Amino acid sequence: MLRTHYAGGLKETDLGREVRIAGWVEDVRILGSLLFVTVRDVSGKAQVVFNRKEVENALFSRAKNVPRQSSVVIKGIVQESRAKELRVEIKANDLQVVSEAIHPLPLDPTGRVPTSIDLRLDSRAIDLRNPKNAAVFKIRHKVLQSTRNLLNQMGFTEVSTSRIIGQAAEGGANLFSLDYFGDKAYLAQSPQLYKEQLTLALDRVFEIGNFFRAEKSNTRKHLSEFVSVDIEAAFADENDVMQIAENLIAGVFKQVNESCVEELKLLGHRIQEPNTPFESLNYGDAIEELRREGINITYGQDLTDSMLRVLGKLHRGFFWIVNWPSSLKPFYIEVRNDKPEISRGFDLQYGYLEIASGGMRVSSKTTLIRRLGEAGLEAKSFTDHLKIFDWGVPPHSGWAIGLDRLMMVLTGKKNIREVVLFPRDRYRLTP
RNA sequence: GCCCGAGUGGUGUAGCGGCUAGCAUGCGAGCCUGUCACGCUCGCGACCCGGGUUCGAGUCCCGGCUCGGGCGCCA
């Protein structure tokens, strides 16, 4: 064991105890015969003191000359600190440099000098030594964990469907294609059809996975690879799954608030558990509101980014947009019985940001074939999917939450790249 | 893909026709026994690339590349 304690975990109860910590050197300050080394690890930092008069020359100069950000193991006795903000520190009797950092480093992970996001992403591993940047991913971990727990409690079974698919159907976004032993294959943009098929036997399923979209987007909220939280529930309608989304999101907010106090403080970001149910806005009313704001839009047009920005100012926090024209929703979304021109799909917004979309699905084969036609797609290329509708597919509903976008809300970050470890966008394929 | 803006030491920036190209941080050398973004002294290190205008170009013009913002595209 290189390490007996974490740097951030030293307490007064450790006074007098010999400990070993392992981390990286954040700072070296020398005052005559006294040498202060700040050592950080994932848990926080500890101050280490070397006294020239009490330790060997070799050790003192090794400590004095260790390049910052090098990995070190330090042994010493915990003593009371005279530092203003510290209770305890380590009076060192050994320091081993286990891996030296070569200077100049591409950025300063202590955050004394800011670094542009682009450069930070080029050096992501060391960028995460900055606790503010690491905090984002500790929160992300908590979000994933709570999402799994909450969906599990709601009776969902977690599944993993394939990312490599043979049909580029579905319309909408462009897919990345690849060579599959001489056949053309594609990277999935969504588990949509698979998760619908699974409701036939597994009833309620969810999947958290990476999906791909070959759009040449150049924005702060789009990536070529993103993480989607998908659910699909048998014998459920759109209202049922909207409620599930509300409970899930409120639950995630609550748990992040409870267990990520330090991380949120580091980010200087506050979150408030949203009240449920969320506000619900009819598409038609949204159009009216936009027209009142002087925006030139007519019923039936899709809402553009700038329109969503306006709506986001009028409706703070989470809100649903419902009762969309059927023509604006994908073929697998059910339409209303009384008014087939109105869809049973919904979008979830957080201000201007689209967080999720979903709806009641079509479960009648003839309706689905008709809807495919209306969407300009060929039923022929959906043979594998269509056949399940002969096998007693239950009525079902579901949605997909963009996890990265939800992370933007939870961390207050304005650029989606901040909340993804190694983002892939139009111009970035590495590291 | 379109529009706008920006590229200056490792990092973040100031300068916008003639400067020994300034500052912060970093790095190197030195002084200091309680620092804590320690302090102080000295030093190191930079004008994105290619054309053009001009006596003279980080500075102005054109093109390229890269980045940022907005738009568009977008299960």
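Values in this document were obtained by computation on a predicted structure and should not be read as measured data. Letters A, B, ... are given to chains in the order of the sequence lines, protein chains preceding strands, and every chain is numbered from 1.
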Whole-Å C1' distance, B:C2 and B:U20: 45 Å
Syn within 90° of 0, anti beyond: B:G58 is syn
Quick check on RNA chain B: between A:Phe226 and A:Lys216, whose nearest nucleotide comes earlier from the 5' end? A:Lys216
Pairwise P distance, B:U13 and B:U8 [rounded to whole Å]: 8 Å
Taking B:G45 as the reference, what is the distance to B:G22 when you measure between their P atoms (whole Å, please)? 12 Å
Show every salt bridge (charged side-chain N to carboxylate O under 4.0 Å, His left out) that has at least one partner inside residues 367-383 of chain A, sequence neighbours left out. A:Arg370-A:Glu374, A:Arg371-A:Glu374, A:Glu378-A:Lys380
Between B:G56 and B:U41 - P atom distance, rounded Å: 42 Å
C1' atoms of B:U53 and B:C61, separation to the nearest Å: 7 Å
If you go through the side-chain atoms of A:Lys53, does one of them form a donor-acceptor pair with the base of B:U33 closer than 3.5 Å? yes
B:G26 base / A:Gln69 side chain donor-acceptor hit below 3.5 Å: no
Its contact letters, B for base, S for sugar-phosphate only and - for none at protein heavy atoms under 4.0 Å, make nucleotides 40-45 of chain B read ------
Any N or O donor-acceptor pair linking the side chain of A:Arg29 to the base of B:U35 at under 3.5 Å? yes
Any side-chain N or O of A:Arg52 less than 4.0 Å from the OP1 or OP2 oxygen of B:U33? no
Any sub-3.5 Å donor-acceptor pair from A:Ser217's side-chain atoms to A:Thr219's backbone N or O? no
Looking at residues at least two apart in the chain, or sitting in another chain, which of them share a ring pair (Phe, Tyr, Trp, His ring centres under 6.0 Å) with A:His222? none
Interatomic distance at C1', B:A6 relative to B:A14, whole Å: 15 Å
Verify the ring-centre separation between A:Phe331 and A:Phe382: is it less than 6.0 angstrom? yes
In this structure, which stretches of RNA chain B are paired as stems of three or more consecutive Watson-Crick or G-U pairs, both distances less than 3.5 Å? B:1-7 with B:65-71, B:10-13 with B:22-25, B:26-31 with B:39-44, B:48-52 with B:60-64
Is there a side-chain polar atom (N or O) of A:Arg309 under 4.0 Å from OP1 or OP2 of B:G70? yes
How about A:Tyr283 and A:Tyr299: are their ring centres within less than 6.0 Å of each other? yes
For A:Thr304 and B:G72, is the shortest distance between a side-chain N/O and OP1 or OP2 below 4.0 Å? yes
Each nucleotide N or O in nucleotides 5-14 of chain B that has a protein N or O under 3.5 Å away: list the pair and distance.
unit_1	atom_1	unit_2	atom_2	d
B:G10	O2'	A:Leu105	O	2.9
B:U11	O2'	A:Pro114	O	2.9
B:U11	O2'	A:Thr115	OG1	3.4
B:G12	OP1	A:Ser116	N	3.1
B:G12	OP1	A:Ser116	OG	3.3
B:G12	O4'	A:Pro114	O	3.1

Can you check the distance between B:G68 and B:G51, where both ends of the measurement are the P atom (answer in whole Å)? 28 Å
Would you say the base of B:C27 and the side-chain of A:His103 have a donor-acceptor pair closer than 3.5 Å? no
Would you indicate what A:Asp27 reaches in the nucleic acid, counting non-hydrogen atoms under 4.0 angstrom: base, sugar-phosphate, or nothing? sugar-phosphate
Can you tell which of A:Glu89, A:Lys91, A:Arg17 makes a side-chain hydrogen bond (donor to acceptor under 3.5 Å, both in side chains) with A:Gln79? A:Glu89
Verify the distance criterion only: is there a donor paired with an acceptor across the side chains of A:Thr38 and A:Arg29 at less than 3.5 Å? yes
Tell me whether A:Asn130 contacts the main-chain N or O of A:Asp127 through its side chain, where contact means a donor paired with an acceptor under 3.5 Å. no
Between the base of B:C71 and the side chain of A:Ser306, is there a donor-acceptor distance below 3.5 Å? no
Taking ring pair (Phe, Tyr, Trp, His ring centres under 6.0 Å) as the definition, give me every residue that meets it alongside A:Phe50, ordered by chain and number, with sequence neighbours left out. none
